[in-house]
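Read through the structure below, which is laid out as structure tokens, and then see the notes.
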Amino acid sequence: METNDTMEKVIALCKRRGFIFQGSEIYGGLAGFWDYGPLGVELRHRIKQSFWETFVSGRDDMYPVSTSIVMNPRIWQASGHVDTFKDPTEDGKQFNVMFSTSVGAGEEAATSYLRPETAQGMFVNFKNIQDTFHPKLPFGMAQIGKAFRNEISPRDFIFRSREFEQMEIEYFVRESEWEKEFESWRGAMLAWMKSIGLPTEKIHELEVPAEDRAHYSKRTTDFEFDFPFGRKELCGLAYRTDFDLRNHSTASGVALEYFDEETGERFTPHVIEPTFGVDRSILAILVSAYTEDELGGEKRVVLKLAKHLAPVRVAIFPLLKNKPELVAKAREVCTDLKKQFGNVVFDDNGNIGKRYRRQDEIGTPYCVTIDFDTLGEKPELLNTVTIRDRDSGDQRRVKIEDLKAEVGL
Ligand code: ATP
């Protein structure tokens with residue numbers, strides 16, 4: 001099933017079920033731009049939340065920022081992007097893939113760029129973090145945010161788009177420690193990829209040879225993933241040396257240094273940069289989760305998403321739509337679970353089998369059905385419901401009061 005056929009099916013599912021739509025669709029689209037619908041937004045949100053919990057709030061050496069997309073153009077001169085952030089066009093010319101824009105009106109207008117990476121927003125705030133929090137090395141800055149690249153040929157759905165989101169960390173270290181820190185980030189990145197449900201056998205580390213590395217990097221490991229259209233970069237880890245801080249110090253005239261209070265030393269820290277794309281992560285997750293199987297003699301499509309990423313955690317069904325007492329009980333259970341988890345839905349549309357199929361397709365791990373026994377038709381089953389597992393299709397009867405624990409992660 002590892003073919004472009006899978007891509008077509010995933011793209012169709014994303015559109016059909018409200019994950020991802022072509023951007024500007026009613027006007028014929030705009031190449032390289034995509035819009036996310038309700039379920040896509042939920043999945044996106046959960047991936048970012050997982051990144052945040054793992055790499056930012058779950059640690060005590062991280063300083064998150066949210067910096068502007070448009071910055072002083074001198075930043076992009078100093079970072080090397082104006083001169084070198086180029087790709088060759090078909091006829092061999094070098095084309096700078098930064099989107100330019102003008103800031104201000106009339107003669108005052110200045111040309112700047114939409115950021116092609118979130119990293120520079122962190123480097124230019126290095127001093128602010130030093131002055132306000134006085135962190136000790138090693139420490140990191142982190143940012144999740146949009147980045148823009150005028151890719152010459154956007155392709156492969158959301159894999160190569162012109163507007164995308166990055167989750168980046170700039171981890172500041174002493175030069176002598178860079179190899180050790182690089183190794184530790186390698187492990188941390190792999191562990192996170194595993195935690196979002198990516199099959200490890202599809203992840204491959206590529207040591208990027210010097211001639212292919214970005215202008216700032218002394219060592220880069222790309223983590224490639226077996227997408228249906230080939231083995232391609234999912235995320236990366238780069239040793240950026242002190243390139244960025246040093247260049248911004250020189251160009252701005254503001255010293256971007258670290259002062260070691262114990263030794264009295266002043267120096268420019270070196271940087272290890274783990275960088276992830278939100279959209280590429282979503283694609284890797286979707287193509288890995290997409291499954292066609294048979295359940296009870298019927299073919300079905302099921303998204304085997306990691307439970308903590310599923311856009312809908314629980315779907316609540318009254319067995320029959322036209323029985324007000326079933327509907328009322330189902331609503332009550334739904335409201336209660338929703339208060340706790342948020343992403344809980346009520347569905348009374350069509351027969352139960354159809355409702356299961358719909359939830360399977362969007363990766364809902366649990367479906368809960370309220371039936372006559374819930375209401376006490378068999379007195380010993382009063383206030384119990386059936387809970388169905390997405391992957392096995394198995395159903396069990398549990399007490400309503402135990403539901404929260406059952407569907408908790
Ligand atoms: P590629 O070689 O595929 O163009 P890159 O090496 O230029 O990628 P980086 O500059 O390392 O990518 O960007 C960091 C991360 O941002 C990538 O690992 C990827 O997840 C994401 N990313 C980069 N370009 C795009 C894009 N055009 N569309 C979606 N995500 C992207």
Side-chain angles (χ1 to χ4, degrees), residues 7 20 22-23 30-36 40 44 47-48 51 55 69 76 79-81 84-89 94-99 113-123 142-171 185-186 189-190 192-193 196 198 202-227 229-240 243-244 271-287:
M7 279 303 283
I20 303 169
Q22 183 185 19
L30 183 63
F33 296 91
W34 299 92
D35 292 341
Y36 282 71
R44 220 184 153 80
I47 290 168
K48 293 194 275 184
F51 170 89
F55 296 123
I69 285 169
W76 303 109
S79 68
H81 284 80
T84 62
F85 204 60
K86 294 174 180 167
D87 281 340
T89 52
Q94 288 293 316
F95 172 74
N96 195 309
V97 298
M98 283 197 292
F99 278 102
Y113 306 94
L114 303 187
R115 65 181 178 203
E117 60 175 26
T118 69
Q120 298 305 324
M122 294 188 264
F123 295 126
Q143 164 153 244
I144 298 183
K146 288 276 175 113
F148 301 80
R149 295 182 190 179
N150 198 358
E151 296 279 1
I152 295 165
S153 44
R155 60 186 173 277
D156 297 322
F157 193 31
I158 53 173
F159 176 83
R160 185 171 303 287
S161 43
R162 289 176 166 147
E163 173 173 346
F164 53 97
E165 199 163 15
Q166 294 183 314
M167 304 181 282
E168 293 195 301
I169 293 164
E170 306 306 326
Y171 199 69
W185 278 105
R186 262 189 63 213
M189 290 176 80
L190 280 169
W192 184 72
M193 285 183 260
I196 56 171
L198 299 183
K202 289 193 175 181
I203 301 168
H204 308 273
E205 292 182 51
L206 175 78
E207 189 64 36
V208 180
E211 63 273 19
D212 295 341
R213 285 198 295 258
H215 57 278
Y216 49 72
S217 174
K218 257 201 186 161
R219 180 178 174 195
T220 298
T221 297
D222 281 350
F223 292 90
E224 296 190 313
F225 186 78
D226 292 324
F227 288 98
F229 45 87
R231 189 172 287 181
K232 296 277 162 65
E233 174 178 337
L234 169 61
C235 54
L237 177 62
Y239 169 40
R240 291 181 83 126
F243 178 90
D244 301 275
V271 174
I272 306 292
E273 179 193 67
T275 175
F276 299 87
V278 176
D279 310 82
R280 285 189 189 177
S281 305
I282 291 176
L283 185 56
I285 287 168
L286 287 175
V287 297

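Order of listing sets the numbers, starting from 1, for every ligand and every atom in it.
At under 3.5 Å, a nitrogen or oxygen of Glu233, whether backbone or side chain, sits near a nitrogen or oxygen of ligand 1. Looking at ligand 1, you won't find any N or O of Asp279 less than 3.5 Å from one of its N or O atoms. Residue contacts with ligand 1: Phe276 is placed with no nitrogen or oxygen under 3.5 Å of a nitrogen or oxygen of the ligand (distance criterion only). Considering backbone and side-chain N/O atoms, Ile158 never comes within less than 3.5 Å of an N/O atom of ligand 1.
Distances from ligand 1 to the non-hydrogen atoms of Phe159 include at least one value under 4.0 Å. Under a 4.0 angstrom heavy-atom cut-off, Asp222 registers as lying outside contact with ligand 1. Residue contact annotation: Thr275 has a non-hydrogen atom under 4.0 Å from ligand 1.
Here Arg149 has side-chain heavy atoms under 4.0 Å from ligand 1, and that is the only part of it that gets that close. Under 4.0 Å from ligand 1, heavy atoms of Arg160 appear from its side chain as well as its backbone.
In summary, the side chains of Tyr36 and Asp279 do present a donor paired with an acceptor at a separation below 3.5 Å, with no hydrogens or angles considered.
Of all the listed residues (Met167, Arg155, Gln166, Glu165), Gln166 holds the heavy atom that lies closest to atom 16 (O) of ligand 1. Of the candidates Phe164, Phe85, Phe148, Phe164 brings a heavy atom nearest to atom 31 (C) of ligand 1.
Between Trp76 and Phe85, the ring centre distance reaches or exceeds 6.0 Å.
Taking all atoms of both residues into account, the shortest heavy-atom contact from Ala238 to Tyr216 is CB-CE1, 4.4 Å.
Applying the side chain to side chain contact (heavy atoms under 4.5 Å, CB included) test to Glu163 and every residue at least two apart in sequence or in another chain returns Phe33, Lys146, Phe148. For Arg213, the side chain to side chain contact (heavy atoms under 4.5 Å, CB included) criterion is met by Val208, Ala210, Ser217, Thr220, not counting sequence neighbours.
Short contacts between ligand 1 and Cys235, defined as distances under 4.0 Å to a heavy atom of the residue, involve ligand atoms 18 (O). Of all atoms in ligand 1, listed by their number and element, those nearer than 4.0 Å to a heavy atom of Leu234 are 18 (O), 19 (C), 20 (O).
By the 6.0 Å and 45° rule, Arg280 does not stack over the aromatic ring of Phe225.
Between Phe157 and Trp34, the ring-plane angle classifies as perpendicular under the 30° and 60° cut-offs.
Glu117 and Arg149 are not joined by a salt bridge, as no carboxylate oxygen comes within less than 4.0 angstrom of a charged side-chain nitrogen.
Checked against Asp226 for a salt bridge (charged side-chain N to carboxylate O under 4.0 Å, His left out), the options Arg231, Lys202, Lys232 give a single hit: Arg231.
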